[in-house]
Amino acid sequence: MSRSKIKIIFLLMITTVGCSTTRIDEEVNTAFTITDDESIVLLSNSYHTGNQTELDFMDCLNSSISKKQNAFEIIPTRQFQNLFYPWFEPSTAPQSIEDLPKILGNELVKEKLSVMKIKYLIKITGETKTNASSGALSCAAGPGGGGCFGFAWWDDTSAYNASVWDLSQETSVGNVSANVTGTSMIPAIVIPIPILARTQSNACDGLSDQIVSFFSG
Amino acid sequence: MNNAVKKILILQSLLLIGCSSQNLVIDTFIPKPLVKMNESISVQLTFDDQIQNFIFSPEELQKKEASIEINFGNTQQKLFENVFLSFFKLSNESDNDPDKKIILIDVKLDKFEYLTPQTAANQKYSVWFKYIINIKDNNENSIDDWVVTGYGEQETGIFQGDEAFKRAIRIALRDTGANLSITTQEKIENITNTIS
């Protein structure tokens with residue numbers, strides 16, 4: 001195989017992306033405002049309650065929101081948890097809006113939130129799941145070389161929800177959700193070419209856009 | 001290389017993999033808890049051997065599944081010192097002030113358990129710690145007994161080698177510190193009232 005052919009196949013493998021469908025929903029419960037010196041923080045619900053939001057999704061959302069706007073500050077989740085240890089750890093953080101008054105009843109926590117001007121806490125739930133998969137792919141290697149033959153595909157769904165809590169009012173001001181479905185496939189005739197639907201990164205992009213637009217009014 | 005030599009090399013490499021063991025060295029950062037310091041009470045801390053420089057070796061039954069040795073060093077001791085010394089001052093033995101309120105805290109590791117992806121048939125490591133904590137007054141009269149637990153889990157996902165297991169242990173230790181801080185915060189009034 002010539003070098004140019006190898007380059008084309010390699011480029012195809014990197015750039016080919018599977019199809020995905022994104023659905024974004026937004027719900028606003030009460031009026032709210034944020035200024036450029038105020039902050040928000042993202043926190044995922046605990047695995048103790050069965051929530052499986054991935055760490056890399058939280059990292060993606062933090063950096064994506066930070067890059068997309070300068071209307072408010074965003075405090076990285078881990079930094080926030082370290083500063084407020086032990087009150088926002090997976091087993092101790094409020095899991096619902098009803099748990100919020102208990103934590104905010106602690107004077108030290110309330111004072112520090114006020115000093116740092118942290119106005120909104122955004123609770124993230126959801127995960128990426130593989131719903132169905134099918135097909136067959138087999139690879140073999142021998143003294144003369146090797147290769148793969150077959151076709152495999154699978155469906156992924158990335159469903160995430162962001163619930164925005166106003167820490168000063170102790171109320172939920174709204175919800176944003178992103179639901180992305182996509183089919184990934186790997187056709188293989190000698191060389192397998194993965195065509196991946198990047199549902200998680202599309203969900204991160206969609207949800208961060210929506211959170212930014214939510215606060216932009 | 002002839003076939004016989006090849007076979008021996010393959011067999012030897014398989015045997016070597018079968019006998020290999022994991023050695024994990026645990027070191028973790030636990031933030032200083034955001035709690036109120038109680039200046040009027042000093043504390044003396046004692047730890048059992050399984051907390052000071054603890055090296056965990058699996059029992060015979062577990063050894064058949066996977067041989068893992070975990071060196072905790074003084075990580076657990078540092079965790080308890082970090083939490084308790086955020087609530088109380090460390091007692092100075094040379095300080096003979098009779099009015100000073102001193103409590104004695106004894107910490108024992110009761111259980112350390114884990115599940116690996118192989119043993120649990122899933123894609124994550126799960127780790128549990130259970131500690132027994134005995135609080136006494138200066139005359140060694142028992143004030144309270146606490147059971148504090150910590151749980152951590154980590155999907156193998158993007159992590160290479162032992163990293164997911166180490167992260168699960170670190171998360172469980174951090175969770176222990178969080179639960180210990182909350183327990184101490186809730187019980188501190190009872191301690192203060194008892195020794196008063």
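The sequence lines fix the lettering, A, B, ..., with proteins before strands; numbering per chain opens at 1.
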Novice: Strictly under 6.0 Å, is that where the ring centroids of Y114(B) and Y125(B) end up?
Specialist: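 For Y114(B) and Y125(B), the ring centres are not under 6.0 Å apart.
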Novice: Using non-hydrogen atoms only, which part of I30(B) is less than 4.5 Å away from chain A: side chain, backbone, both, or neither?
Specialist: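 The side chain, not the backbone.
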Novice: Regarding E38(A) and K117(A), does a basic nitrogen lie under 4.0 Å from an acidic carboxylate oxygen?
Specialist: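 Here E38(A) does not pair with K117(A) in a salt bridge, since their nearest N and O are not under 4.0 Å apart.
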Novice: Is atom CG of N70(A) surrounded by more than 12 heavy atoms (other residues, nucleotides or ligands) closer than 6.0 Å?
Specialist: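 No, because the 6.0 Å sphere around CG of N70(A) holds 12 heavy atoms or fewer from other groups.
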Novice: What part of Y151(B) is in contact with chain A, defined as an atom under 4.5 angstrom from a non-hydrogen atom: side chain, backbone, both or neither?
Specialist: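 Looking at Y151(B), backbone and side chain both touch chain A.
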Novice: Quick one: what part of V83(B) sits under 4.5 Å from any heavy atom of chain A, side chain, backbone, both or neither?
Specialist: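 Nothing of V83(B), per the 4.5 Å heavy-atom cut-off to chain A.
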Novice: Is it the side chain or the backbone of L83(A) that comes within 4.5 Å of chain B heavy atoms, both, or neither?
Specialist: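 Backbone only.
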Novice: So which of Q81(A), E54(A), E89(A) has the largest heavy-atom pair count under 4.5 angstrom toward chain B?
Specialist: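 Between Q81(A), E54(A), E89(A), the count favours E89(A).
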Novice: Is there a donor-acceptor pair under 3.5 Å between the side chain of D166(A) and the backbone N or O of V173(A)?
Specialist: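 No, the answer is negative, given that no donor and acceptor are paired below the 3.5 Å cut-off.
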Novice: Which one, K32(B), E155(B), E153(B), R174(B), leads in non-hydrogen pairs under 4.5 Å with chain A?
Specialist: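 With the most close heavy-atom pairs to chain A, the winner is R174(B).
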Novice: Please report whether the ring centroid of F159(B) lies less than 6.0 Å from that of F165(B).
Specialist: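 Aromatic pair excluded; centres sit 6.0 Å or further apart.
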Novice: Counting only non-hydrogen atoms closer than 4.5 Å, does E107(A) touch chain B with its backbone (N, CA, C, O), its side chain (CB onward), both, or neither?
Specialist: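 No part of it gets close to chain B.
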Novice: What part of T92(A) gets closer than 4.5 Å to chain B, counting heavy atoms only: side chain, backbone, both or neither?
Specialist: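 It is the side chain, since no backbone atom gets that close.
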Novice: If you count heavy atoms of other groups shown closer than 6.0 angstrom to CD of E73(A), is the number above 12?
Specialist: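 At most 12 heavy atoms, drawn from other residues, nucleotides or ligands, come within 6.0 Å of this atom.
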